[in-house]
Trainee: 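Here it is, the structure, as structure tokens.
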Amino acid sequence: MSVASTVSAEKVAPKTPGARRRRILVVDDEPHARRALVELLSDDGYEVASAGDGFKALGILREWPCEVLLTDWRMPVMDGITLIKKAREENPQLGCVVMTAFGSVESAVEAMKAGADDYLTKPLNFDAVSLVLARAMDRIEERRELTSLRARNAEQRAQTRTKILGSSPPVQSLVAMIDQVAGARATVMITGESGTGKELIARMLHEKSGRVDKPFVRLHCAALAESLLESELFGHERGAFTGANARREGRFEEADGGTLFLDEIGEISPTIQVKLLRFLQQREFERVGGNKTISVDVRVVAATNRDLEAEVKAGRFREDLYFRLNVIHIQAPPLRARPGDVPLLARHFVAKYAQENARNIEEVAPEVMSTLERYDWPGNVRELENVVERAVVMTDGTRLELRHLPAELLRQSERGLLGELGVQIPGSSLAEIERHAILRTYEATGGSSAETAEMLGISVRKVQYRLREYREAGVMVED
Ligand SMILES: Nc1ncnc2c1ncn2[C@@H]1O[C@H](COP(=O)(O)OP(=O)(O)OP(=O)(O)O)[C@@H](O)[C@H]1O
Ligand SMILES: [Mg+2]
């Protein structure tokens with residue numbers, strides 16, 4: 001192998017992304033032709049290697065990754081087409097140009113069929129060589145960009161893929177439900193308290209449907225005034241109202257083929273309710289100020305944290321629309337109904353925010369976990385996420401501790417703890433608190449008065465005296 005490393009001006013050969021010069025392997029059994037090509041291409045700024053036959057060429061390709069293989073067709077030992085096939089097997093990205101005898105159009109066609117990107121006819125015209133190789137290089141570049149773009153997109157998709165965390169039975173049946181209904185076009189209604197993951201569920205429905213390559217469009221219905229909401233949903237024609245200077249497509253058109261997520265559906269006005277009902281019944285609508293009927297293929301997913309049934313009873317929400325929306329109903333369970341998921345979610349958020357804030361958190365104190373598990377989470381997963389984010393930001397060391405939690409949460413969780421014991425503070429007498437302390441400790445020590453006394457810091461006599469008292473009062477049941 002001979003590698004010519006000319007340091008000439010780089011006319012057509014900018015560097016590869018790896019910051020080395022672009023490489024060409026020249027293969028020709030004829031030494032003069034080989035040498036001339038090496039010289040020419042080195043002058044063009046490429047790094048060039050050469051080989052006298054196909055076997056040597058394959059050996060070089062393995063050691064010396066290059067962009068383009070420029071090979072003669074007719075060679076003893078191995079012909080150029082066979083070489084291209086073998087080389088491509090090992091590196092499908094390799095650019096290949098074949099040199100054929102003048103006038104043999106058939107062989108040129110055959111070369112292209114065999115996978116060559118281009119061909120040159122002999123005797124060689126040096127300008128043509130430069131041009132064809134520059135073109136082959138461009139094609140390689142495009143192929144590379146495409147490949148890395150694809151890889152990046154796939155990675156991004158994997159990263160942004162929605163995950164519903166939780167191993168509790170309510171979450172497992174939620175995920176099973178999503179799997180089951182994702183593929184249908186039927187409208188889905190998601191209900192649940194604030195922060196329970198309604199939007200997450202909507203995104204997951206979209207990702208698991210056949211619509212994943214089409215848009216997921218979210219519209220927050222409570223955020224817009226009635227007239228704006230209408231044109232946002234259905235679009236408007238030019239001049240439909242003051243300020244409508246141009247025609248605009250609405251979210252329904254934007255979501256064509258995909259999913260339209262109508263968040264806070266409970267807030268929409270009677271007028272919009274009628275229009276939405278028509279869409280759900282007929283799958284068509286008109287833009288505001290227009291009379292052309294437009295039909296789109298959109299799956300509607302709606303969410304609300306209001307009690308829509310009550311809204312229907314109160315006459316604020318159309319019953320027929322309610323039934324149309326509610327074809328499939330998914331209920332997002334509140335976090336307090338699945339305290340077992342709290343540690344998992346907490347650890348997930350700790351990792352997420354530690355990374356985001358460049359903190360190195362190695363440990364979460366066990367009492368932090370049990371405090372989080374006891375808390376009743378009125379703001380559900382969102383509140384947990386916020387609490388953890390705050391704690392992570394406040395942590396100076398590597399361990400998350402109780403003092404990093406909000407005081408109000410600690411107080412409430414403490415009340416929960418006492419509630420579990422059957423005493424309330426304030427609200428319980430000291431005697432009741434003492435009774436619970438003694439009975440629980442006695443139970444926990446497996447019925448040892450000595451240990452109970454030790455743990456509570458009182459005398460054994462006192463423990464025994466109290467136990468007798470409790471038995472007599474019937475508050476202590478012996479097994
Ligand atoms: N099971 C879960 N696993 C992981 N993250 C979750 C889960 N549930 C909720 N979250 C996260 O909690 C936050 C709140 O979720 P989301 O916005 O979907 O709630 P929501 O029900 O739409 O609330 P709201 O009614 O207030 O709009 C988001 O950051 C979401 O990623
Ligand atoms: Mg939401």
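In listed order, ligands and their atoms are each counted from 1. Along the sequence shown, residues carry numbers from 1.
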Trainee: Among protein heavy atoms, which sits nearest to atom 22 (O) of ligand 1, and what does the distance come to when rounded to 0.1 Å?
Mentor: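 Protein heavy atom at minimum distance: Glu199 N, 3.3 Å.
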Trainee: Which heavy atom of the protein is the closest neighbour of atom 23 (O) of ligand 1, given with residue, atom name and distance?
Mentor: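 Looking only at protein heavy atoms, the one closest to atom 23 (O) of ligand 1 is Gly195 N, 2.9 Å.
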Trainee: Would you mind running through ligand 1 and noting each atom that sits below 4.0 Å from a heavy atom of Val381?
Mentor: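 Reading through ligand 1 atom by atom, the close ones are 6 (C), 7 (C), 8 (N), 9 (C), 10 (N), 11 (C), 12 (O).
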Trainee: Within a distance under 4.0 Å of any heavy atom of Thr196, pick out the atoms of ligand 1 and give their elements.
Mentor: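 It comes down to these atoms of ligand 1: 8 (N), 19 (O), 21 (O).
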Trainee: Closest heavy-atom contact between Arg88 and Arg143?
Mentor: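 Arg88 and Arg143 have their closest heavy atoms at NH2-NH1, 3.9 Å.
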Trainee: Donor-acceptor pair, His404 side chain versus Glu401 backbone, under 3.5 Å?
Mentor: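 Confirmed, His404 side chain pairs with Glu401 backbone.
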Trainee: Heavy-atom distances under 4.0 Å decide this one: backbone, side chain, both or neither, for Val171 against ligand 1?
Mentor: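 Val171 to ligand 1: no contact under 4.0 Å from either part.
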Trainee: Is there a donor-acceptor contact under 3.5 Å linking the side chains of Asn380 and Thr196?
Mentor: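 Asn380 vs Thr196: no donor-acceptor pair found between side chains.
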Trainee: If you have a sec, work out which protein heavy atom is nearest atom 20 (P) of ligand 1 and how many Å separate them, to one decimal?
Mentor: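 Closest protein heavy atom to atom 20 (P) of ligand 1: Lys198 N, 3.4 Å.
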Trainee: Pick one: which of Arg336, Gln412, Glu383 meets side chain to side chain donor-acceptor pair (under 3.5 Å) with Tyr375?
Mentor: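 That would be Glu383; it is the only one of Arg336, Gln412, Glu383 passing the side chain to side chain donor-acceptor pair (under 3.5 Å) with Tyr375.
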Trainee: Return yes if some donor-acceptor pair links the side-chain N/O of Asp117 with the main-chain N/O of Cys96 below 3.5 Å, else return no.
Mentor: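 Flag set: sc Asp117 to bb Cys96 pair under 3.5 Å.
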Trainee: Which option out of Leu344, Leu200, Val175 puts a heavy atom nearest to atom 31 (O) of ligand 1?
Mentor: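 Nearest option to atom 31 (O) of ligand 1, by heavy atoms: Leu200.
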Trainee: Among protein heavy atoms, which sits nearest to atom 15 (O) of ligand 1, and what does the distance come to when rounded to 0.1 Å?
Mentor: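 For this ligand atom, the closest protein heavy atom is Gly197 CA, 3.6 Å.
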Trainee: Carefully, step by step, assess Glu226 and Thr271 under the rule side chain to side chain donor-acceptor pair (under 3.5 Å).
Mentor: CA-CA 8 Å; Glu226 176 179 335; Thr271 320; 2.9 Å; yes
Trainee: Does ligand 1 have any atom sitting under 4.0 Å from a heavy atom of Leu345?
Mentor: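 Yes, Leu345 has heavy atoms under 4.0 Å from ligand 1.
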Trainee: Taking all non-hydrogen atoms of both residues, which atom of Arg287 and which atom of Arg248 are closest, and how far apart?
Mentor: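 Where Arg287 meets Arg248 most closely, the heavy atoms are CD-O, 3.8 Å.
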Trainee: Return each pair, listed once, that meets salt bridge (charged side-chain N to carboxylate O under 4.0 Å, His left out) where at least one residue sits in residues 450-460; pairs must be two or more places apart or across chains.
Mentor: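 Output for this query is empty, none listed.
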Trainee: Tell me the nearest of Glu385, Glu264, Arg382 to atom 30 (C) of ligand 1, using heavy-atom distances.
Mentor: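 Heavy atom nearest to atom 30 (C) of ligand 1 belongs to Glu385.
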Trainee: Starting from atom 3 (N) of ligand 1, which protein heavy atom do you reach first, and at what distance in Å?
Mentor: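 Looking at atom 3 (N) of ligand 1, the protein heavy atom closest to it is Leu165 N, 2.9 Å.
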Trainee: Where's the contact between Asn305 and ligand 1, heavy-atom distance under 4.0 Å: side chain, backbone, both or neither?
Mentor: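 The part of Asn305 near ligand 1 is the side chain, not the backbone.
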Trainee: Within less than 4.0 angstrom of ligand 1, does Lys163 place any heavy atom?
Mentor: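 Judged by the 4.0 Å heavy-atom criterion, Lys163 does count as contacting ligand 1.
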Trainee: Check the pair Asn305, Glu264 against side chain to side chain contact (heavy atoms under 4.5 Å, CB included), reporting the backbone distance first and the verdict last.
Mentor: CA-CA 7 Å; Asn305 51 26; Glu264 316 256 0; 4.3 Å; yes
